[in-house]
Amino acid sequence: MSGHGRHLDFPGRLVLVGFGCIGQGLLPLILRHIGVDPARITVVAADAAGGAVAEQAGVRLLTHVLRPQDYRQILDPLLGRGDFLINVAVDVSSLALIGYARSRGALYLDTSIEPWRGGYDDPTLALAARTNYALREQALALRSDSRQQPTAVLTHGANPGLVSHFVKRALLDLAVETGLAVSTPRQRADWAELARRLDVRTIHVAERDTQVSTLRRQAGEFVNTWSVDGFISEAQQPCEIGWGSHERRLPEDGCRHGSGSQAAIYLRRPGCATRVRSWTPAGGPFHGFAITHGESISIADYLSVGRGEAPSYRPTVHYAYQPCDDALLSLHDFAARNYRCPERKRILLDDIVPGGIDELGVLLAGHARNAYWFGSQLTIDEARRLAPHNSATTLQVCAAALAAMVWAIENPARGIVEPDEMDFERVLQVCMPYLGRVIGAYTGWTPLHGRGRLFPEELDESDPWQFSNVRVT
């Protein structure tokens, strides 16, 4: 059990759209930490697969596939002023539900910005239109000049979400370690200036998942420790990278966007076909996939000093993900089939054997101490003790979603908000009891270590943290 009790009471109704592994893992945390009668909670799910979990919790489950033509009709009786809409579904438009929640006077939260079905894999759409950059720009365009709009928290799971708060904690740790006398920044510009003064050149969201099931992956099956549909969707999007001011050349397959913040670029290839070098404390050096994630863009944008294509300072930011072994095999098979969805899908949960870990953190690199990783090392054994219906991976997501709900209820009229704009100390306070061992670790590793020993490589040895050194080619 968590060391925290109830954080606050919520007098309104809760509507939870989507009831896969994240919805089912989040529900018991809501009931444990937010004072709300289960009778005031409604789950809207595409199927009844989570029926037993909903019944055990005493909440109502409605089976509906939300579509553009009917989502309002389905949600109207369930949601009004002062209520809360939590969107953890795939193939349900975040843009539509953000606008809908605002029109109803309700709070809103999602863990990623989702399009309607087909938005990720429609070959008639231009590559730029299938990026998280485009989705983010569309969401931010919904912001109103009015400061009294109901709070709508965007993309607040583990990543994107929790990792933005890890970055702030890590920046303050680095300031102390390097003797830089600063108080905790309160404004965006001050965080960006702190990162610039520390000379943080790149930030990897570095994650390794070592959870293993008793039932190994079978042929024609996609296996994962969190949403298979969610992973497939983001895996086939173009690879996206928050593009730093220290980078000397754009990748040959790199493209800039024609509008917006210009904080990120995209590659003419999917994230599941793009590997990068990174490091975590338990696993050491690894090759991860540069799967597109919203935090790659929002963190880079938030920490920019100056705007546009050539700011005076911006870090390079990207995800470096090594999924569990069976998900890794599934991803290879998915790519071999030219990104066609598999016949069968399976999420690992109760069948995970003891001992596996999800190590999720941020690696800040290029500064005076070389590289510093800060994050969560959560084992499957700890996750099971802490909360029902969760793996180590899902609990990191669900704890962060719970924290965002608490923050939104405490700050109900902030309009559209990204994780980087929230109170990182409050979010971490809510999350910490569910994150296992939370540590900071320095390393002397760089992407140049051991390179060129067996085969010649084209390296930029004057700056180890150039993306050309980080990328696996």
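Every value quoted in this text rests on a predicted model; they were computed, and no experiment measured them.
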Chemist: Is the shortest side-chain N to carboxylate O distance from Arg130 to Asp122 below 4.0 Å?
Modeler: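 Between Asp122 and Arg130 there is no salt bridge, as every charged N stays at least 4.0 Å from the carboxylate O atoms.
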Chemist: Side chains of Arg196 and Ser245 only: does a donor on one sit below 3.5 Å from an acceptor on the other?
Modeler: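 There is no such pair (donor and acceptor under 3.5 Å, judged by atom type) between the side chains of Arg196 and Ser245.
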Chemist: Can Val362 and Arg169 be said to form a side chain to side chain contact (heavy atoms under 4.5 Å, CB included), step by step?
Modeler: CA-CA 10 Å; Val362 293; Arg169 181 68 268 164; over 6 Å; no
Chemist: Would you say the side chains of Glu295 and Tyr319 form a donor-acceptor pair under 3.5 Å?
Modeler: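 On atom types as modelled, these side chains do not qualify, holding no pair under 3.5 Å.
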Chemist: Would you name the heavy atoms of Leu348 and Ser213 that are closest together and state the gap between them?
Modeler: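 Heavy atoms of Leu348 and Ser213 come nearest at CD2-CB, 3.6 Å.
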Chemist: Salt bridge or not between Arg67 and Asp91? Use side-chain N to carboxylate O under 4.0 Å.
Modeler: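 No, this pair does not count.
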Chemist: For side chain to side chain contact (heavy atoms under 4.5 Å, CB included), just list the numbers for His156 and Val427, CA-CA rounded to whole Å, side-chain angles, deciding distance to a tenth of an Å, and then say yes or no.
Modeler: CA-CA 10 Å; His156 207 290; Val427 170; 3.9 Å; yes
Chemist: Quick one: side chain to side chain donor-acceptor pair (under 3.5 Å) partners of Thr131, sequence neighbours excluded?
Modeler: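 Counting only residues at least two positions away or on another chain, Thr131 forms no side chain to side chain donor-acceptor pair (under 3.5 Å).
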Chemist: I'd like to check the salt bridge (Lys or Arg N to Asp or Glu O under 4.0 Å) partners of Glu359; sequence neighbours left out, ordered by chain and number.
Modeler: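 Glu359: no salt bridge (Lys or Arg N to Asp or Glu O under 4.0 Å) contacts found.
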Chemist: Checking Gln237 against Thr292: is there a side-chain donor and acceptor pair closer than 3.5 Å?
Modeler: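 No.
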Chemist: Classify the angle between the aromatic ring planes of Trp116 and Tyr71 as parallel (below 30°), tilted (30 to 60°) or perpendicular (above 60°).
Modeler: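 Tilted: the ring planes of Trp116 and Tyr71 meet at 30° to 60°.
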Chemist: Just how far is it from atom SG of Cys398 to atom NE2 of His389, taken to the nearest 0.5 Å?
Modeler: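 Reported to 0.5 Å precision, the distance equals 10.5 Å.
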Chemist: Within the distance-only criterion (no hydrogens, no angle test), does the side chain of Arg217 pair as donor or acceptor with the backbone N or O of Asp325 below 3.5 angstrom?
Modeler: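 Side chain of Arg217 to backbone of Asp325, a donor-acceptor pair under 3.5 Å: no, none is there.
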Chemist: State whether the side chain of Asp420 and the backbone N or O of Ser164 hold a donor-acceptor pair below 3.5 Å, judged by distance alone.
Modeler: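 No, because the side chain of Asp420 does not come within donor-acceptor range (under 3.5 Å) of the backbone of Ser164.
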Chemist: Does Arg471 have any salt bridge (Lys or Arg N to Asp or Glu O under 4.0 Å) partners at least two apart in sequence or in another chain, and if so, which?
Modeler: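 Counting only residues at least two positions away or on another chain, Arg471 forms a salt bridge (Lys or Arg N to Asp or Glu O under 4.0 Å) with Asp253.
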Chemist: For Arg208, give me all partners under side chain to side chain donor-acceptor pair (under 3.5 Å), at least two apart in sequence or on another chain.
Modeler: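 Side chain to side chain donor-acceptor pair (under 3.5 Å) list for Arg208, sorted by chain: empty.
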Chemist: Evaluate ring pair (Phe, Tyr, Trp, His ring centres under 6.0 Å) for Phe231 paired with Tyr321, printing each intermediate quantity in order.
Modeler: CA-CA 11 Å; Phe231 191 23; Tyr321 181 36; 5.6 Å; yes
Chemist: For Tyr100 and Leu85, work out which heavy atoms get closest and say how close.
Modeler: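 Nearest pair, atom of Tyr100 first, then Leu85: CD2-CD2, 4.4 Å.
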Chemist: How far does CG of Leu378 sit from OH of Tyr434, to the nearest 0.5 angstrom?
Modeler: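 Here the interatomic distance stands at 12.0 Å.
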Chemist: Please check if the side chain of Arg344 supplies one atom and the backbone of Ala219 the other of a donor-acceptor pair under 3.5 Å.
Modeler: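 Yes, because the side chain of Arg344 sits within donor-acceptor range (under 3.5 Å) of the backbone of Ala219.
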Chemist: Pick out which of Thr202, Ile241, Ile265, Thr316 makes a side-chain contact (heavy atoms from CB on, under 4.5 Å) with Glu247.
Modeler: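 Considering Thr202, Ile241, Ile265, Thr316, a side-chain contact (heavy atoms from CB on, under 4.5 Å) with Glu247 is found only for Thr316.
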Chemist: Which heavy-atom pair separates Gln429 from Pro433 by the least distance, and what is that distance?
Modeler: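 Closest heavy-atom pair between Gln429 and Pro433: O-CD, 3.7 Å.
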Chemist: Can you list, pair by pair, the side-chain donor-acceptor contacts under 3.5 Å of residues 440-447, counting residues two or more places apart and other chains?
Modeler:
unit_1: Thr443; atom_1: OG1; unit_2: Trp445; atom_2: N; d: 2.9
unit_1: Thr446; atom_1: OG1; unit_2: Leu448; atom_2: N; d: 3.1

Chemist: Under a 3.5 Å distance rule, please check whether Asn87 uses its side chain to pair with a backbone N or O of Ala89 as donor and acceptor.
Modeler: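 Between the backbone of Ala89 and the side chain of Asn87 there is a qualifying donor-acceptor contact (under 3.5 Å).
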Chemist: Regarding Gln187 and Asp190, is there a side-chain donor-to-acceptor distance under 3.5 Å anywhere?
Modeler: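 Absent: no donor and acceptor within the cut-off.
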Chemist: Answer with yes or no whether the side chains of Arg414 and Thr151 bring together a donor and an acceptor at under 3.5 Å.
Modeler: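 Result is no, nothing qualifies.
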Chemist: Does the distance from a Lys or Arg side-chain N to an Asp or Glu carboxylate O, for Asp463 and Arg201, drop under 4.0 Å?
Modeler: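 Yes.
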Chemist: Under the criterion side-chain hydrogen bond (donor to acceptor under 3.5 Å, both in side chains), I'd like the reasoning laid out for Asp351 against Thr214: C-alpha separation, chi angles, the key distance, then a yes or no.
Modeler: CA-CA 6 Å; Asp351 53 330; Thr214 54; 5.0 Å; no
Chemist: Return the CZ to CZ distance between Phe222 and Arg346, rounded to the nearest 0.5 Å.
Modeler: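 Here the interatomic distance stands at 12.0 Å.
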Chemist: So, the side chain of Thr178 versus the backbone of Leu174: is there a donor-acceptor pair under 3.5 Å, distance only?
Modeler: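 Indeed, once roles are kept as given, a pair shorter than 3.5 Å links the two residues.
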Chemist: Where do Leu29 and Met405 land on the side chain to side chain contact (heavy atoms under 4.5 Å, CB included) test, with the steps shown first?
Modeler: CA-CA 11 Å; Leu29 298 186; Met405 289 183 65; over 6 Å; no
Chemist: For residues Arg136 and Ser298, is any side-chain donor paired with an opposing acceptor at under 3.5 Å?
Modeler: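 No donor-acceptor contact under 3.5 Å links the two side chains.
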Chemist: Could you list the residues that satisfy ring-ring contact (aromatic ring centres under 6.0 Å, His included) with Phe334, not counting sequence neighbours?
Modeler: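 Only Tyr339 meet the ring-ring contact (aromatic ring centres under 6.0 Å, His included) criterion with Phe334.
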Chemist: Answer yes or no: is there an ion pair linking Arg337 with Asp333, defined by an N-O contact shorter than 4.0 Å?
Modeler: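 Yes, charged N to carboxylate O under 4.0 Å.
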Chemist: Please check: side-chain N/O of Ser94 versus main-chain N/O of Ser112, any donor-acceptor pairing under 3.5 Å?
Modeler: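 Yes.
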Chemist: Using the salt bridge (Lys or Arg N to Asp or Glu O under 4.0 Å) criterion, which residues pair with Asp209? Sequence neighbours excluded.
Modeler: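 By the salt bridge (Lys or Arg N to Asp or Glu O under 4.0 Å) rule, Asp209 matches no residue at all.
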Chemist: If you look only at pairs with a residue in residues 255-272, which of them pass as a side-chain hydrogen bond (donor to acceptor under 3.5 Å, both in side chains), with sequence neighbours excluded?
Modeler: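 Sorted pair list: Arg269-Thr274.
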Chemist: List in chain and number order the residues that pass side chain to side chain donor-acceptor pair (under 3.5 Å) with Asn224, two or more places apart in sequence or in another chain; answer none if no residue qualifies.
Modeler: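 By the side chain to side chain donor-acceptor pair (under 3.5 Å) rule, Asn224 matches no residue at all.
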Chemist: For the side chain of Gln236 and the backbone of Glu234, is there at least one donor-acceptor N/O pair under 3.5 Å apart?
Modeler: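 Between the backbone of Glu234 and the side chain of Gln236 there is no qualifying donor-acceptor contact (under 3.5 Å).
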Chemist: Search all heavy atoms of Thr111 against all heavy atoms of Ala401 and return the closest pair with its distance.
Modeler: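 Nearest pair, atom of Thr111 first, then Ala401: CG2-CB, 4.4 Å.
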Chemist: So that I can tick it off, tell me whether Glu461 and Arg451 are bridged by a salt bridge, with the cut-off set at under 4.0 angstrom between side-chain N and carboxylate O.
Modeler: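 Salt bridge flag = no for Glu461 with Arg451.
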Chemist: Holding to salt bridge (Lys or Arg N to Asp or Glu O under 4.0 Å), I want the full list of residues that pass it with Asp121, two or more places apart in sequence or in another chain.
Modeler: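 By the salt bridge (Lys or Arg N to Asp or Glu O under 4.0 Å) rule, Asp121 matches no residue at all.
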Chemist: Could you check whether His318 and Phe467 have their ring centres less than 6.0 Å apart?
Modeler: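 Under 6.0 Å, so yes.
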Chemist: Are more than 12 heavy atoms, taken from residues, nucleotides or ligands other than Arg248, located less than 6.0 Å from that residue's CZ atom?
Modeler: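 More than 12 within 6.0 Å, yes.
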Chemist: Checking His246 side chain against Trp465 main chain: does a donor-acceptor pair fall under 3.5 Å?
Modeler: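 Judged by distance alone, yes, a pair lies under 3.5 Å.
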Chemist: Between Arg143 and Ile416 (side chain of the first, backbone of the second, donor and acceptor by atom type, cut-off under 3.5 Å), is there such a pair?
Modeler: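 Indeed, once roles are kept as given, a pair shorter than 3.5 Å links the two residues.
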Chemist: Please determine, by modelled atom types, if Asp229 and Ser227 share a side-chain donor-acceptor pair under 3.5 angstrom.
Modeler: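 No, no side-chain donor-acceptor pair sits under 3.5 Å.
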Chemist: Suppose we screen for side chain to side chain donor-acceptor pair (under 3.5 Å). Which residues come up paired with Ser296, at least two apart in sequence or across chains?
Modeler: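 By the side chain to side chain donor-acceptor pair (under 3.5 Å) rule, Ser296 matches no residue at all.
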Chemist: Say you draw a straight line from CG of Asp358 to CD of Glu207; how long is it, rounded to the nearest 0.5 Å?
Modeler: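 Output value for this atom pair is 4.0 Å.
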Chemist: When you measure from the side chain of Thr155 to the backbone N and O of Ile113, does any donor-acceptor pair fall under 3.5 Å?
Modeler: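 No.
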Chemist: Name all pairs fulfilling the side-chain hydrogen bond (donor to acceptor under 3.5 Å, both in side chains) condition that reach into residues 16-25, sequence neighbours left out, sorted by first residue then second.
Modeler: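 Every candidate side-chain hydrogen bond (donor to acceptor under 3.5 Å, both in side chains) pair involving residues 16-25 fails, so no pair, neighbours aside, qualifies.
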